[in-house]
Amino acid sequence: MILDTSKYIGKCDCGRVHELRTKLVVCEYGALDNFDKYMDDCGLSGFRTVIYDTNTYNLPTMVHVKADQEIVLEAQGLHSEKGMIEDMMTRLERKPDVIVVVGAGTLMDFGRYSAYKLGIPFVAIPTLVSSDGFTANICSIIIDGQKKSIPMIAPDAVICDLNIVKGAPHFLTVSGVQDILSKYVSIADWKIAHLVSGEYFCQKVCDMAQEALDTMAKCAQDMRDGKPDDFEAMAYAQMLSGLTMQILNHSRAASGAEHLIAHLVEMKPKGFENAHGMHGECVGVGTIICAEEYHRLAQKETIEVKPFRPLDEAWVRDIFGDLADGIFKECENDVLAGFDEHKIQEHWQEIRDIIAAIPSAEELTELFKAIGAKHSLSELGIDESMKHDALDISAAIRNRLTFNRMRRLIVE
Ligand SMILES: [Zn+2]
Ligand SMILES: [Zn+2]
């Protein structure tokens, strides 16, 4: 499948003009055999530096594309840290005209960050499709000990050779499935936020996220039925989801309340010290617990609301410890204070209809079990009794209007 991204750009009914830096996305078996042609098609010529790590360089299925310089980083201990990326940049023989990165999340950040610093384009050759970050323009790197998501350039092209991707271990593939199925919740969150607060919403971008979700839901169903994995469709779903982030310059369509469970696992606040898990696994479990809570509330035919109150300071300090000041800063202009809480009541029936499109927690659990995916808090090192704390604490982490966060305005 060759995805011409020009169909997503231009003037849109939402009032914005959508742009994409990524011109070409290829997800095909043997895609790397035509790599030079794709580079020519995108006008990417000149000195080419190709970056691998020792794992991706030595993959048995790897096709080593032509390079003017190759850099092979030691995979052991490699992480997205500013100092490490800058070290790598000192190994550049000269300023390249284009950087090509062969790998997954961590290595992509090396390419994304260095290309940005040098003001040159970069091209991604994914070796896994375990997340939707390839086509995004967000970089998650550690700066001065703190993990930061910072806007960064997107790749000019993503050339995904399915011969390589299909060799990935099953648990990584499944984690990628969960990262996309999380959109059951994130799309609902976006629609509900738009309804009650008038937050910007684009139907076209929402449709892209929905298409990624529907495509991946079919892949998961096939997996459950014992059919061969459809790597082309899975890669397509990941790429499409990443493009929504690039268009919006924001992860709104791809990340809602369920993704904050992954942030919770990374931050390890009080009670979650032993939490662990891959990104997709965490958001998969997050999707289940959000689905359960959203459906529980949506059973109510009517609701009462209460006025906004900021987070309780003592509670935040107790839970987040050293990280508490960061939470206060994040929540300074709380999104919950930005609209009249009665809007939730006013739109309650529409909210219930939106939630009705989310599968039940039982259905999701059964599906995840059947495809060998993680499906419970205990598998993430979190006690099952912490379910409600997980919802409350994760909602406080980021100032984003999710239905989970909106619960603070609903009387129970
Ligand atoms: Zn739009
Ligand atoms: Zn994700």
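Along the sequence shown, residues are numbered consecutively beginning with 1. As the structure is a prediction and not an experimental result, all values here were calculated from the model. Note that ligands are numbered from 1 as they come in the structure, with each ligand's atoms numbered from 1 the same way.
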Point to revise | Ring centres under 6.0 angstrom apart (Phe368, His375) | key: no
**Study point:** Lys268 NZ: over 12 foreign heavy atoms closer than 6.0 Å
**Key:**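 More than 12 heavy atoms, drawn from other residues, nucleotides or ligands, come within 6.0 Å of this atom.
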Exercise for review: Considering just N/O/S atoms, say which atom of His279 is closest to the Zn ion (ligand 2).
Suggested key: NE2
Check your understanding: What is the name of the N/O/S atom in Asp179 that sits closest to the Zn ion (ligand 2)?
Key ->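 Sorting the N, O and S atoms of Asp179 by distance to the Zn ion (ligand 2) puts OD1 first.
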Review point. Partners of Phe231 by ring pair (Phe, Tyr, Trp, His ring centres under 6.0 Å), sequence neighbours excluded?
Key: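 Phe231 satisfies ring pair (Phe, Tyr, Trp, His ring centres under 6.0 Å) with no residue once adjacent residues are dropped.
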**Study point:** Qualifying ring-ring contact (aromatic ring centres under 6.0 Å, His included) pairs, either residue in residues 252-282, two or more places apart
**Key:**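 Passing the test, one end in residues 252-282: His259-His279.
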Exercise for review: Name all pairs fulfilling the ring-ring contact (aromatic ring centres under 6.0 Å, His included) condition that reach into residues 384-411, sequence neighbours left out, sorted by first residue then second.
Suggested key: Tyr294-Phe403
Point to revise | Neighbouring protein N, O or S atoms of the Zn ion (ligand 1) [cut-off: under 2.8 Å, no waters] | key: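 Less than 2.8 Å away from the Zn ion (ligand 1) sit Cys12 SG, Cys14 SG, His18 NE2, Cys202 SG.
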Review point. Salt bridge or not for Asp41 and Lys23, using N-O below 4.0 Å?
Key: no
Point to revise | Close side-chain approach of Gln238 and Asp132, heavy atoms under 4.5 Å | key: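 A side-chain contact under 4.5 Å exists here.
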